[in-house]
Amino acid sequence: MSLTGLRALECLSRYILDFRLRRFDNLGTEASPVMVDQGALNLFPYDPNSSPAGNGYFAELRDISRRTLLATGTVTQRGVRATQTLTMSALPTAGDDVTITFPDLSDESVVPPLDIPRTYTFESTPAGAGDVAIGGSTQATLDNLVRAINGSADYGDKVSLYPGTEPCLELYAYRSSNTTMELEARDGGVWGNGVTLASSGSTPPTWGAATLAGGSGNRGLRLRLEDADLPNSLMEAEHLTKRECYLDIVGVTAENRAVKLVACPASLNASATDASGV
C-alpha cells in the first residue's frame, strides 16, 4: 500500500492528509501480473472502538537508510465503523441462509457503488459455492460462517464451506460468544449503515437489525505532521533544500503489537511557508 501524496513535505508547514487504505492481491501470473482490489484494509485490530480496544496508529518519518528517526506524526481514524450482531440460538436447519448486501467501494468512478449480495446457505455437507457447513455446535457453525465472510478458510478446506465461496470484501466478522457473531465494516464512515442484512428458512440465525448501525464520520485515516516536527534542521547540510525520506504508518493492536500498514517515500522541502499552512 502506498500514499502518492507524500512527495513534497514543506519543512515549515503543518501537513494534513486524509487517505484510505485498500488491499491489493496479485491474482495474475508472474508474466502477466494483475493487481485486484480486495477491499478496505481491516482496521478492527487497531481501532480504539474495538473490543478489545486497539491502541491506534502513529507515523514515523525516517531518513533514506531508515536508521534515523526524523519526525513523528499522529494518525487517527476519521470515522466509527458500523456493526451488527447475528444470534444463533440453535443450529440452523439445512437450507437456512443469511444474506449480506454491501457496496463495492473499489472503483469510485462508479456512482452509485455497485451493491454486492452474498448469500450463505447452511448445509450438512457443503455442495456448492456459498454453502457453509452446519457444525456440531452453534460455536462451530458460526466459526464456519466467519471463515466464509472473511475469506479466511484454508486452501482445500471442504469441511467448513464449499471452495469458491466468495467473501464480503468490505466487511469483517468474528464470533463474540458461543451463540453470537459480530459483523462490522472494515473501515469507518456512515457508508456502513447502508449494508443490509437478512436471513430465511426454518430456524435461521437472526440479525439484531436489518442493517449495520453506528457508523459515523468518513472512511479512512488522517495523517498529521506538525510544522514544529519538520524544521529546516532536518536538512543534512545548509545548502540543501530537499531531503529524500521514508514515511511509515503503523497500527498498534490491543496486545501492543506494532504492524506496519504503509511504507512509502517522501520528500522534505525547505520553504519559508509559515506555520498556518496545511
Side-chain angles (χ1 to χ4, degrees), residues 1-5 18-47 50 54 57 75 77-79 81-84 98-120 129-132 143-157 160-175 181-197 212 215 218-221 223 248-251 253 257 259-264:
M1 293 171 233
S2 64
L3 299 179
T4 57
D18 293 333
F19 63 94
R20 301 165 187 161
L21 293 179
R22 310 286 297 177
R23 291 177 54 249
F24 289 87
D25 288 349
N26 182 4
L27 301 184
T29 64
E30 184 176 355
S32 301
V34 179
M35 302 304 292
V36 178
D37 188 296
Q38 298 295 302
L41 177 72
N42 179 27
L43 300 183
F44 172 84
Y46 326 107
D47 187 349
S50 296
Y57 315 84
V75 180
Q77 286 184 207
R78 300 180 65 210
R81 297 178 302 110
T83 68
Q84 195 51 261
V98 295
T99 298
I100 303 166
T101 303
F102 62 94
D104 177 4
L105 303 178
S106 64
D107 185 355
E108 295 191 3
S109 68
V110 178
V111 181
L114 177 68
D115 283 331
I116 301 177
R118 293 276 191 261
T119 297
Y120 301 107
D131 287 356
V132 174
D143 286 342
N144 292 340
L145 180 59
V146 165
R147 292 186 185 100
I149 293 171
N150 293 344
S152 59
D154 291 333
Y155 174 72
D157 179 2
S160 301
L161 47 82
Y162 195 82
T165 296
E166 295 288 340
C168 298
L169 295 180
E170 306 295 344
L171 308 174
Y172 175 70
Y174 64 95
R175 182 173 55 80
M181 181 196 81
E182 306 303 319
L183 181 66
E184 304 188 348
R186 291 185 186 177
D187 201 355
V190 296
W191 71 270
N193 299 331
V195 175
T196 61
L197 311 167
L212 295 187
N218 296 90
R219 293 159 55 197
L221 302 175
L223 166 67
D248 294 330
I249 294 177
V250 178
T253 68
R257 182 170 62 92
V259 179
K260 188 178 293 187
L261 306 179
V262 172
C264 65

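Since the structure is predicted, the reported quantities are computational estimates derived from the model, not experimental observations.
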> Within the distance-only criterion (no hydrogens, no angle test), does the side chain of Asp25 pair as donor or acceptor with the backbone N or O of Val36 below 3.5 angstrom?
Replying inline: no
>> Quick one, Leu221 with Leu43, criterion side chain to side chain contact (heavy atoms under 4.5 Å, CB included). Give me CA distance, side-chain angles, the key distance, then yes/no.
In response: CA-CA 10 Å; Leu221 302 175; Leu43 300 183; 4.0 Å; yes
>> The test is side chain to side chain contact (heavy atoms under 4.5 Å, CB included); show your working for Ile149 and Leu183 and say whether it passes.
In response: CA-CA 9 Å; Ile149 293 171; Leu183 181 66; 3.9 Å; yes
> Does Ser50 have any side-chain contact (heavy atoms from CB on, under 4.5 Å) partners at least two apart in sequence or in another chain, and if so, which?
Replying inline: Phe44, Asp47, Arg81
>> Using side-chain heavy atoms (C-beta onward) and a distance below 4.5 Å, is Leu212 in contact with Phe102?
In response: no
> How many angstroms lie between CZ in Arg78 and CZ in Phe19, if you round to the nearest 0.5 Å?
Replying inline: 10.0 Å
> Is Glu170 salt-bridged to Arg219, cutoff N-O under 4.0 Å?
Replying inline: no
> Do any N or O atoms from the side chain of Arg118 and from the backbone of Pro167 form a donor-acceptor pair under 3.5 angstrom?
Replying inline: yes
> Are Leu161 and Tyr120 close enough, and set up right, to give a side chain to side chain contact (heavy atoms under 4.5 Å, CB included), and what steps lead you there?
Replying inline: CA-CA 9 Å; Leu161 47 82; Tyr120 301 107; over 6 Å; no
> Under 3.5 Å, is there a donor-acceptor pair between the side chain of Arg186 and the main chain of Leu171?
Replying inline: yes
> Closest approach of Thr165 and Gly130, non-hydrogen atoms and distance?
Replying inline: OG1-N, 2.9 Å
> Step by step, would you call Val250 with Tyr57 a side chain to side chain contact (heavy atoms under 4.5 Å, CB included)?
Replying inline: CA-CA 5 Å; Val250 178; Tyr57 315 84; over 6 Å; no
>> Nearest 0.5 angstrom please: Asn150 CG to Asn42 CG, how far?
In response: 7.5 Å
